[in-house]
2 protein chains.
Amino acid sequence: MRKLTIKDVAKHAGVSTATISRVLNGSGYVSEDVRRQVLASVKELNYRPNAIARSLKQEKSRSIGMILPDMSNPYFMTIARTIQQRLVAEGYRLLFMDSDENPDKEREALDALLSNRVEGLLLAGTGGNKEQLRQLIGSGIPVVLVDRCVPGVSADLVMEDNRGPVRQAMEYLVSAGHRHIGMIHGPKTISTALERYEAAVRALQEAGLQVGEEYVYSGDFSRKSGKQAIQKLMKLPVPPTAVFSANNEMTFGLYLGLQEMGIGLDEVEVVSFGDLDFSSLFKHRLSVIMQHPESIGDSAASILLDKLLHQKSAMENRIIIPKFVQKNKLSL
Amino acid sequence: MRKLTIKDVAKHAGVSTATISRVLNGSGYVSEDVRRQVLASVKELNYRPNAIARSLKQEKSRSIGMILPDMSNPYFMTIARTIQQRLVAEGYRLLFMDSDENPDKEREALDALLSNRVEGLLLAGTGGNKEQLRQLIGSGIPVVLVDRCVPGVSADLVMEDNRGPVRQAMEYLVSAGHRHIGMIHGPKTISTALERYEAAVRALQEAGLQVGEEYVYSGDFSRKSGKQAIQKLMKLPVPPTAVFSANNEMTFGLYLGLQEMGIGLDEVEVVSFGDLDFSSLFKHRLSVIMQHPESIGDSAASILLDKLLHQKSAMENRIIIPKFVQKNKLSL
DNA sequence: TTGTAAGCGTTATCAA
DNA sequence: TTGATAACGCTTACAA
C-alpha cells in the first residue's frame, strides 16, 4: 500500500492539488460542488495530509517542547497533563522529554527539540545549560520557565512562591515549641530548592533558633534521599522533633524511612513542601505546603499560547502562592 | 536572526550543500581538510539541521507514537518512562498522548499521530477504534499493544497474565475463610478488566462460592470509582469481609473510602491487582498482584525497535507473569 | 473559481 | 572527492 499524497487525491477528484489544499484548509474560494467531490475523494481514499510536508512548507512545526525533571513525580505529571491538554486543543503537539534532574540529559533534550524546530519551550530546568537557553531565547523562540527559574536566564516564568509559605511553616514549628528542627533540602542548583532552603534557615534564625549543621541534610529531591535523610537525622544524639522536607518525594521517603526504623509516623512533626495524596491513610503530624500544579500548568500554557497565537511579547511572571495547611488538624 | 539553513553553512565553508550533508551524516567520501572546515563552520554558525526537512526528504519521521490511558497513574508512567528512554537512545522521538480511557480522545490522538507519520505506535487501548487500528496495521506501521489487547485486532502484544494470579488470589481468599467477597472491576471494554473479572468470578465459582450481584461493582479504573465502590459495598446488609480490586487506582480509592467512613483500614482483607507503593505506611490486610511496568515497557520498546531497526516481521506476544504477594505478611 | 508552478531544507543520484 | 540538481508533499502567489 503506497503512501497516499495530495496528488493522488487530486487525480481521483479530477482537480488540482491546489484545490485539494484549499478545501482541506478552508482557505480561498472553492465551489460547493467541487468541495463535496474533494471531500468524498478524501474520504474514499482515506487520505491524511502529511504534517511534515506541511510544516516544512509553512515553516511552522506546530510542535512545542517540554522538559520536566521527573516523569514519576505526580506534581510534574499533573503539570504535564494540564499543558498537554491545552496545547493539543490548539492544534499543537507536545514533544515531552524527561531530564531526570540531569543537565546533560537536559542538554540533549534541548538539542533534539531545537532540531525539531519547536515553536516554543516549556522548561522546569536543572539549573544548567544557561548559555544554550539564552541563545534559544535570543533566537526568538518563546520559552516559559515552569516551577523553577534559572538564574541568569530571563524568560517568562510561572512558579510558586517558595519563601512566604516556608517562613510561615517555620514560624508555626517554632511556635509549637520545637527547638530541634531537621531540614531535608534539594540540590541548591535548583532555584526552588535554594529558595526553600534560604527561607527556612532565615526564618529559624530570625526566630532566634540556631540551626546546627548536623540537622541539615542535602538531598536530591528523590524518595531515596528523603529516606536516607530521616534515618541519619533520627540517629543524632538529640534527634529532631520536627522536620522540614523540601519536596513531596523526599517527604514520602521520610515516612518510609521512619517506618523502616520502627519509629511511629506521628512521632515527628513534619512540614512538607508539596502534598502527599495518600496522607489521610496513616497517622501523622504532617503539615503541607499545598502546591497547585494545575494552576502552574494552566498559566504556563496560557502564556505560551498568548505568544504563539497572539504574538504577545511582553514578559510575564506569574507567582502562585501555595497554601500552608495543617493536615493533622484536618483529620481531627 | 534569520533561520540558518544548510546553504548558509555551505556558503560560509565555501563548499556545496551536498558536502555539508555528507559531513553531517557521515555518508560518502569527504577529505579530511574539507571535513574539518565544514565542522568549524557548523560550530561557528551554530547550525542545527532541520529535522523536518530531513524527515520529508527521507520519508522517515523518526518519531513514534504512544497512547496511554492515564498520565497520572504511576503504573503507566513507569511504562512511559522506560519506553521513552529506550527510544530516545535510538534517535527516535516520542509523541506521547493521553487517551484518558476515552475512545474519542484515542481516535483524535491516533489521527494526530498518523498525520505526523509516526513510524510505529505503542498503545494501551481503550477497546475502541478497532477499524482504525486494523487499517493502521494493514498499512504496515508496526503497532505494539501494551498492557492490554484489543479483541479483534491482531498485533504484537506485551501484557501481563491477568488470569493466573487472580485465580491464585481468589483461592487464597477462599482458603482464608472468606465467604462474602466484594469485587471492584474496571470497564469490561478493556481487556485487562474483562480478564480479571472473568478469572475472579470463575475461580470463586469453582471454589463453590456464589457471587451475589450486589457484591460486584463496575468501576472505571479511577480512584473515585474505587471509593464509591467500597462505600456501597460496606453498606450492604452483610458487608464483604474481603474485596478484590482490579487496579491500583481503585484500590487507592477503596482505602480513601474506608477511611472516610471511619472503618479501620485493616478490617477488610484486600487483594489489589497492581501495587500501592505507599502501603507500608498504614495498617492493612492487603495482598497485591505485583505488576512489572518496567518489564512491560522494556519488552515493548525492544519489540518495536526490532521491527524498526532490523525489519523483523514475525509477530510477538510477550506475557509477563505478575506475582501474588501478601504484603500484610511481609510487614510482620 | 480553479490551475500552474515555485519553493520550504534536506538528501541522494549522477556527473564531473 | 566534490558539485548540481531533482525530489520529498505540501501551500501559496500568481495567472487564467
Side-chain angles (χ1 to χ4, degrees), chain A residues 1-39 41-42 45-63 91 93 112 114-119 139, chain B residues 1-39 41-42 45-63 91 93 112 114-119 139:
Chain A
M1 198 203 252
R2 240 200 71 262
K3 270 285 138 71
L4 226 45
T5 80
I6 201 173
K7 284 189 193 167
D8 302 308
V9 186
K11 201 165 298 174
H12 186 275
V15 297
S16 76
T17 62
T19 299
I20 306 291
S21 175
R22 281 191 278 255
V23 170
L24 258 25
N25 295 294
S27 60
Y29 296 99
V30 185
S31 75
E32 196 45 38
D33 276 2
V34 173
R35 214 183 107 76
R36 253 197 300 276
Q37 171 58 39
V38 166
L39 289 176
S41 294
V42 165
L45 298 177
N46 194 26
Y47 166 72
R48 199 181 302 277
N50 182 327
I52 298 174
R54 158 193 277 245
S55 285
L56 181 60
K57 171 63 194 177
Q58 301 197 14
E59 305 183 51
K60 288 202 160 125
S61 67
R62 302 240 83 190
S63 59
R93 57 184 158 278
L114 285 189
S115 283
N116 284 289
R117 299 296 189 262
V118 291
E119 294 180 42
S139 81
Chain B
M1 199 204 256
R2 240 199 72 264
K3 271 284 134 75
L4 226 45
T5 79
I6 201 172
K7 286 188 192 170
D8 302 309
V9 186
K11 202 165 295 171
H12 186 276
V15 295
S16 77
T17 62
T19 298
I20 307 291
S21 176
R22 280 191 280 255
V23 170
L24 258 24
N25 295 293
S27 61
Y29 296 100
V30 185
S31 74
E32 196 44 39
D33 275 3
V34 173
R35 213 182 107 76
R36 253 196 299 275
Q37 171 56 38
V38 167
L39 289 176
S41 293
V42 165
L45 298 177
N46 194 27
Y47 165 73
R48 199 181 304 277
N50 183 328
I52 298 174
R54 158 192 276 246
S55 285
L56 180 61
K57 173 61 193 177
Q58 300 196 141
E59 305 183 52
K60 292 209 159 129
S61 66
R62 301 240 81 190
S63 59
R93 57 184 158 278
L114 286 189
S115 283
N116 285 290
R117 299 295 188 262
V118 292
E119 295 180 40
S139 81

What pairs of donor and acceptor atoms, side-chain ones from residues 52-59 of chain B against any protein atom, are under 3.5 angstrom apart with sequence neighbours left out?
from    : atom 1 : to      : atom 2 : distance (Å)
B:Arg54 : NH2    : B:Asn25 : OD1    : 2.4
B:Ser55 : OG     : B:Ala51 : O      : 3.0
B:Ser55 : OG     : B:Lys60 : O      : 3.1

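When the nearest nucleotides of DNA chain D are assigned to B:Val15 and B:Leu56 by heavy-atom distance, the more 5′-ward of the two goes with B:Val15.
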In B/S/- notation (B base, S sugar-phosphate only, - none; protein heavy atoms under 4.0 Å), nucleotides 10-16 of chain C written 5' to 3' is BBB----
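Counting to the nearest Å, the P atom of D:dC10 and the CD atom of B:Glu59 are 11 Å from each other. The distance between atom NZ of B:Lys11 and atom P of D:dG3, rounded to the nearest whole Å, is 14 Å. As rounded to whole Å, 16 Å separates atom C1' of C:dG7 from atom CD1 of B:Ile52. Following rounding to the nearest Å, B:Arg36 (CZ) and D:dT2 (P) show an atom-to-atom distance of 12 Å.
Taking the C1' atoms of five terminal pairs at each end of the helix from C:dT1-D:dA16 to C:dA16-D:dT1, the two resulting helix axes are inclined by 40°, rounded to 10°.
Heavy atoms of other residues, nucleotides or ligands lying less than 6.0 angstrom from CZ of B:Arg62 number more than 12.
Looking at A:Arg48, its side chain never comes within 3.5 Å of a backbone N or O of A:Leu4 through a donor-acceptor pair.
Of the residues B:Asp8, B:Val30, B:Ile6, the one that meets the side chain to side chain contact (heavy atoms under 4.5 Å, CB included) test with B:Ile20 is B:Ile6. When each of B:Leu39, B:Val34, B:Asp33 is tested with B:Arg36 by the rule side chain to side chain contact (heavy atoms under 4.5 Å, CB included), just one qualifies, namely B:Asp33.
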